[in-house]
Amino acid sequence: MRSKRKSYHKWTVVRRFVQFSILLLFLSPLFFVEVEGDNFFFGSLSSSSLFGIVLSDPFATLQVMLASKTFHLTFIGSALIILLFYVLIRGRVFCSWVCPVNTMLDFIDKIRGIIQLPDKHMDRHLKVYFAGLVLLLSFVISVPVFEVFSPIGFTMRNMLFTGGVGFWLLLFIVLFDLFISKRGWCRYICPLGGFYQAIGRVGMFRVKFDHDLCTGCDRCRQVCFADPDILEPAINREEQYVSAGDCSLCGMCVDHCPTNALIIAMRKSDNLKNEYWNDERIKA
């Protein structure tokens, strides 16, 4: 049995390190001199090159292919590298560990901890429908729709380097988050988050509940980045693992559980009863 002593927020510390390391990686071409005309890294979250290996955002790739009505194996291959990584780990880890907009909203959340602000709840599956709509429009109007106005792309390109439209999009997201709905953009609107939610049920890792230690204090629901509803089946002892595709493995629920009833665990196999093996805790 695990200790009931509350542990330090190790997953939050690790996630912060990863978030800022990725931001520095994308800024690295500004600080490192090119070697024989090449940077070890260059690009954006839509498409980049790391040590000469081209990496592409799967959702952006789908939009471009649908808009152009053409399929390039090289382009698909660069997207499959990223897609397979997220399928292996868990789709929405992009949102909580990589996305710069989420990094910004993590700190905006601290304002909500001080001031009581409105929080309108919506259907968390809306963003999946928005993702489908983006793909459909990309095909119909021959333009990769989300890539044109994506605040995620603007954060890396316009906001960090040139300012402009990206600033106003991010300002809208911040105001929406503060005065209408907590994490409203991430939970209900972002098409990229919807894409990763659609593949999020696949993956080796997920949050596991120890029902013997869980006291039903509801602390996990209060800090959930994705949507508190995804925790309901586990809290109600209907499931042992958080299986919803919306879970981003941010680790907030694990870090804030006062009885250490939650861990991030590796799923080894499914049986017909939807039970899982391997209770070993992942080392942060």
Side-chain angles (χ1 to χ4, degrees), residues 4-24 27 92-124 126-127 150-152 154-156 158-160 163 165-190 192-193 197 207 209 214-232 234-235 242 244 246-262 264 284:
K4 294 186 179 183
R5 180 180 58 85
K6 185 176 179 179
S7 62
Y8 66 95
H9 294 175
K10 62 180 181 180
W11 285 107
T12 300
V13 171
V14 174
R15 187 163 58 90
R16 290 282 182 265
F17 175 78
V18 171
Q19 287 172 326
F20 287 105
S21 295
I22 289 172
L23 287 174
L24 289 174
L27 285 171
R92 284 206 78 197
V93 294
F94 168 84
C95 299
S96 60
W97 290 75
V98 178
C99 179
V101 173
N102 173 68
T103 302
M104 175 186 68
L105 293 179
D106 272 348
F107 293 96
I108 297 298
D109 270 355
K110 296 185 181 300
I111 298 176
R112 282 186 167 273
I114 301 172
I115 306 172
Q116 187 71 29
L117 293 168
D119 184 12
K120 180 177 177 56
H121 292 271
M122 293 174 264
D123 184 352
R124 64 184 177 84
L126 274 176
K127 59 185 176 295
S150 168
I152 300 167
F154 275 125
T155 302
M156 290 300 185
N158 300 56
M159 187 63 179
L160 292 178
V165 178
F167 170 80
W168 298 107
L169 284 171
L170 290 172
L171 179 61
F172 166 77
I173 290 172
V174 169
L175 294 177
F176 186 80
D177 182 273
L178 283 175
F179 300 110
I180 298 179
S181 179
K182 178 181 178 179
R183 293 303 181 106
W185 167 262
C186 300
R187 289 180 176 179
Y188 312 121
I189 300 174
C190 179
L192 184 55
Q197 178 185 339
V207 174
F209 275 67
C214 178
T215 62
C217 69
D218 222 29
R219 183 60 179 147
C220 56
R221 283 178 49 85
Q222 295 171 18
V223 299
C224 180
F225 151 69
D227 191 307
D229 288 347
I230 69 176
L231 300 170
E232 286 296 330
I235 291 174
V242 178
D246 243 356
C247 179
S248 66
L249 290 182
C250 65
M252 290 289 284
C253 58
V254 178
D255 281 347
H256 287 81
C257 179
T259 62
N260 285 341
L262 282 66
I264 294 180

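Along the sequence shown, residues are numbered consecutively beginning with 1.
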The criterion is side-chain contact (heavy atoms from CB on, under 4.5 Å); which residues satisfy it with Cys220, sequence neighbours excluded?
Phe209, Leu231, Ile235, Cys253, Leu262
Just so I know, are the side chains of Leu249 and Val207 near enough to count as touching, which here means a heavy-atom distance under 4.5 Å?
yes
Please check if the side chain of Asp255 supplies one atom and the backbone of Thr12 the other of a donor-acceptor pair under 3.5 Å.
yes
Starting at NZ of Lys110, measure out to CD1 of Ile115 and round the result to the nearest 0.5 Å.
14.5 Å
d(Cys186 SG, Asp106 CG) to nearest 0.5 Å is 8.5 Å
Here the gap from Thr103 atom OG1 to Ile108 atom CD1, rounded to the nearest 0.5 Å, amounts to 12.0 Å
Backbone of Ser248 reached by a side-chain donor or acceptor of Ser96 within 3.5 Å
yes
Evaluate the side-chain proximity of His256 to His9: yes if any heavy-atom separation is below 4.5 Å, no if none is.
yes
Indicate yes or no for a side-chain donor-acceptor contact from Arg187 to the backbone of Ala226 under 3.5 Å, with no hydrogens or angles considered.
yes
Taking the side chain as everything from C-beta on, heavy atoms only, tell me whether Ile22 gets closer than 4.5 Å to Val18.
yes
In this structure, CG of Asp109 is separated from CE of Met104 (nearest 0.5 Å) by 10.5 Å
Are Ile152 and Pro100 side-chain neighbours, meaning at least one heavy-atom pair lies under 4.5 Å?
yes
Rounding to 0.5 Å, atoms CG (Asp246) and NZ (Lys127) come to a distance of 3.5 Å
Can you find a pair of side-chain heavy atoms, one from His121 and one from Asp229, that are under 4.5 Å apart?
no
Indicate the atoms forming the closest heavy-atom contact of Val242 with Cys247, along with that distance.
CG1-CB, 4.0 Å
For residues Cys257 and Ala261, report the shortest heavy-atom separation together with the two atoms involved.
SG-N, 3.2 Å
Separation of Ile230 CD1 from Phe225 CZ (nearest 0.5 Å)
9.5 Å
If you count every heavy atom of other residues, nucleotides or ligands that lies below 6.0 Å from Phe107 atom CZ, does the total exceed 12?
yes
Pro151 side chain reached by Trp185 side chain, heavy atoms, under 4.5 Å
yes
Just jot down the side-chain hydrogen bond (donor to acceptor under 3.5 Å, both in side chains) partners of Asn102, sequence neighbours excluded, or say none.
Arg183
For the residue pair Phe94 and Cys99, establish whether any side-chain heavy-atom pair is separated by less than 4.5 Å.
yes
Side chain to side chain contact (heavy atoms under 4.5 Å, CB included) between Tyr188 and Asp123, worked out:
CA-CA 7 Å; Tyr188 312 121; Asp123 184 352; 6.0 Å; no
One thing to verify: whether Arg112 and Asp119 come together as a salt bridge, which I'm taking to mean a side-chain N less than 4.0 angstrom from a carboxylate O.
no
Candidate pair Gln197 and Arg124, rule side chain to side chain contact (heavy atoms under 4.5 Å, CB included), full reasoning
CA-CA 10 Å; Gln197 178 185 339; Arg124 64 184 177 84; 3.7 Å; yes
